[in-house]
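Written below as structure tokens is the structure these notes are about.
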Amino acid sequence: YMYFFSVGIILVSLMSCSEEESKIQADDIQEVNLSSKVRTKKVSSTTFSSKTELSANLQAFRSAVLVPKSPGRISDVLVRAGDTVQQGDVLLEIEPQDYEIGVKEAHAAYQLAYIQAEQAASNQTRFENLLEEGAVTKVQVEEIQIGTKLARAQSQRALAGLEIAKSRLDETKLTAPFDGIIVARNVEV
């Protein structure tokens with residue numbers, strides 16, 4: 001009970017204080033002049049410039065030293081140091097005449113070997129028919145069959161030689177292996 005009684009007395013005293021304060025009129029409030037204490041200034045824009053020098057070592061993400069695969073006399077260099085290149089761009093050319101002749105020679109050798117393989121296959125068919133008639137021996141047919149296999153192998157070998165000759169002709173043009181910048185050019189025509 002004591003607790004409730006003391007709370008009631010405090011509430012009554014607070015209520016009586018708030019009624020007296022509400023009787024204060026607006027005339028009692030004084031105005032404060034802050035104009036002498038606040039200053040204004042016009043803002044202008046200014047650009048600040050700063051220069052900082054830092055030393056660093058730069059390394060390329062990818063780099064390559066390029067050398068033509070095919071030997072020969074250089075006929076044209078198409079780039080200079082500092083040039084930007086794309087993958088596949090031709091950087092230099094080697095005189096292609098000897099390699100073009102090599103392709104023609106390899107093509108002729110392939111054609112000859114192909115004709116010989118066709119002729120050997122035709123002979124094999126003829127001898128197999130003669131064997132059925134009893135006009136030749138089995139040993140003779142086997143020799144012809146081996147000759148046909150050799151002729152076909154020679155034809156495949158000649159075809160490989162032709163592909164190699166074409167590849168060497170293609171290698172007379174040195175191309176960029178990836179996009180980049182030419183750092184140094186150590187070759188002249």
Side-chain angles (χ1 to χ4, degrees), residues 50-189:
S50 173
K51 182 177 180 182
T52 303
E53 290 186 28
L54 302 173
S55 61
N57 292 326
L58 298 177
Q59 292 183 347
F61 176 68
R62 292 170 76 183
S63 65
V65 175
L66 304 176
V67 178
K69 289 182 181 180
S70 295
R73 186 178 174 148
I74 296 171
S75 62
D76 200 6
V77 180
L78 304 169
V79 294
R80 296 182 308 262
D83 286 353
T84 301
V85 295
Q86 302 295 316
Q87 181 177 1
D89 287 353
V90 177
L91 308 177
L92 74 83
E93 295 177 347
I94 294 175
E95 290 180 354
Q97 292 81 5
D98 291 342
Y99 294 100
E100 291 168 346
I101 292 169
V103 168
K104 288 178 183 177
E105 181 182 13
H107 187 38
Y110 170 66
Q111 284 180 327
L112 179 62
Y114 181 79
I115 291 169
Q116 289 173 342
E118 291 291 313
Q119 184 180 14
S122 178
N123 285 340
Q124 179 180 336
T125 303
R126 190 171 339 122
F127 267 76
E128 287 170 349
N129 290 338
L130 289 173
L131 179 64
E132 289 176 7
E133 295 174 3
V136 293
T137 65
K138 187 167 174 92
V139 172
Q140 289 174 313
V141 171
E142 287 173 355
E143 287 176 0
I144 294 295
Q145 288 172 337
I146 290 172
T148 301
K149 288 179 182 178
L150 287 173
R152 285 184 181 148
Q154 287 294 343
S155 176
Q156 290 299 315
R157 182 178 181 191
L159 179 61
L162 176 59
E163 294 301 320
I164 289 170
K166 286 179 180 179
S167 174
R168 287 185 179 153
L169 178 60
D170 290 341
E171 291 170 355
T172 60
K173 293 183 180 186
L174 181 65
T175 59
F178 47 83
D179 297 352
I181 297 173
I182 303 298
V183 177
R185 175 181 133 171
N186 301 323
V187 66
E188 295 296 327
V189 175

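The analysis underlying the following values was restricted to heavy atoms, covering all of them including side chains, and did not include hydrogens, waters or symmetry mates.
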If you measure only the distance, is there a donor-acceptor pair under 3.5 Å linking the side chains of Arg126 and Asn129?
->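 No, because no side-chain N or O of Arg126 sits under 3.5 Å from a partner of the opposite role on Asn129.
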Please report the closest heavy-atom contact between [X] and [Y], naming both atoms and the distance.
| X | Y | result |
| --- | --- | --- |
| Ser75 | Ile94 | OG-C, 3.9 Å |
| Ala113 | Ala158 | CB-CB, 3.9 Å |
| Glu100 | Leu169 | CG-CD1, 3.6 Å |
| Arg168 | Ser70 | O-OG, 3.1 Å |
| Glu128 | Val141 | CG-CG1, 3.9 Å |
| Ala165 | Gly102 | CB-O, 3.8 Å |

Working to the nearest 0.5 angstrom, can you tell me the gap between [X] [atom1] and [Y] [atom2]?
| X | Y | atom1 | atom2 | answer |
| --- | --- | --- | --- | --- |
| Tyr114 | Leu159 | OH | CG | 11.0 Å |
| Lys173 | Leu92 | NZ | CG | 11.5 Å |
| Ser155 | Glu118 | OG | CD | 8.0 Å |
| Asp98 | Glu105 | CG | CD | 11.5 Å |
| Phe127 | Glu132 | CZ | CD | 14.0 Å |
| Gln116 | Asn123 | CD | CG | 11.5 Å |

Donor-acceptor under 3.5 Å (Thr148 side chain, Ile144 main chain) |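 Between the backbone of Ile144 and the side chain of Thr148 there is a qualifying donor-acceptor contact (under 3.5 Å).
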Taking everything shown except Arg157 itself, do over 12 heavy atoms lie less than 6.0 Å from its CZ?
->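 Counting neighbours around CZ of Arg157, 12 or fewer heavy atoms of other residues, nucleotides or ligands fall under 6.0 Å, so no.
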More than 12 heavy atoms from other groups under 6.0 Å of CD on Gln119 =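 No.
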Passing option when Leu91 is tested against Leu78, Val187, Asp83, Val85 for side-chain contact (heavy atoms from CB on, under 4.5 Å) |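 Only one option passes, and that is Val85.
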side-chain contact (heavy atoms from CB on, under 4.5 Å) partner of Glu133, the single match among Leu131, Leu130, Val136 |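 By the side-chain contact (heavy atoms from CB on, under 4.5 Å) criterion, Glu133 pairs with just one of Leu131, Leu130, Val136: Leu130.
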Residue pair Lys138 / Glu142, side-chain heavy-atom distance below 4.5 Å |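 Answer yes - side chains close enough.
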Assess whether side-chain contact (heavy atoms from CB on, under 4.5 Å) is satisfied between Val90 and Leu174, documenting all intermediate values.
-> CA-CA 6 Å; Val90 177; Leu174 181 65; over 6 Å; no
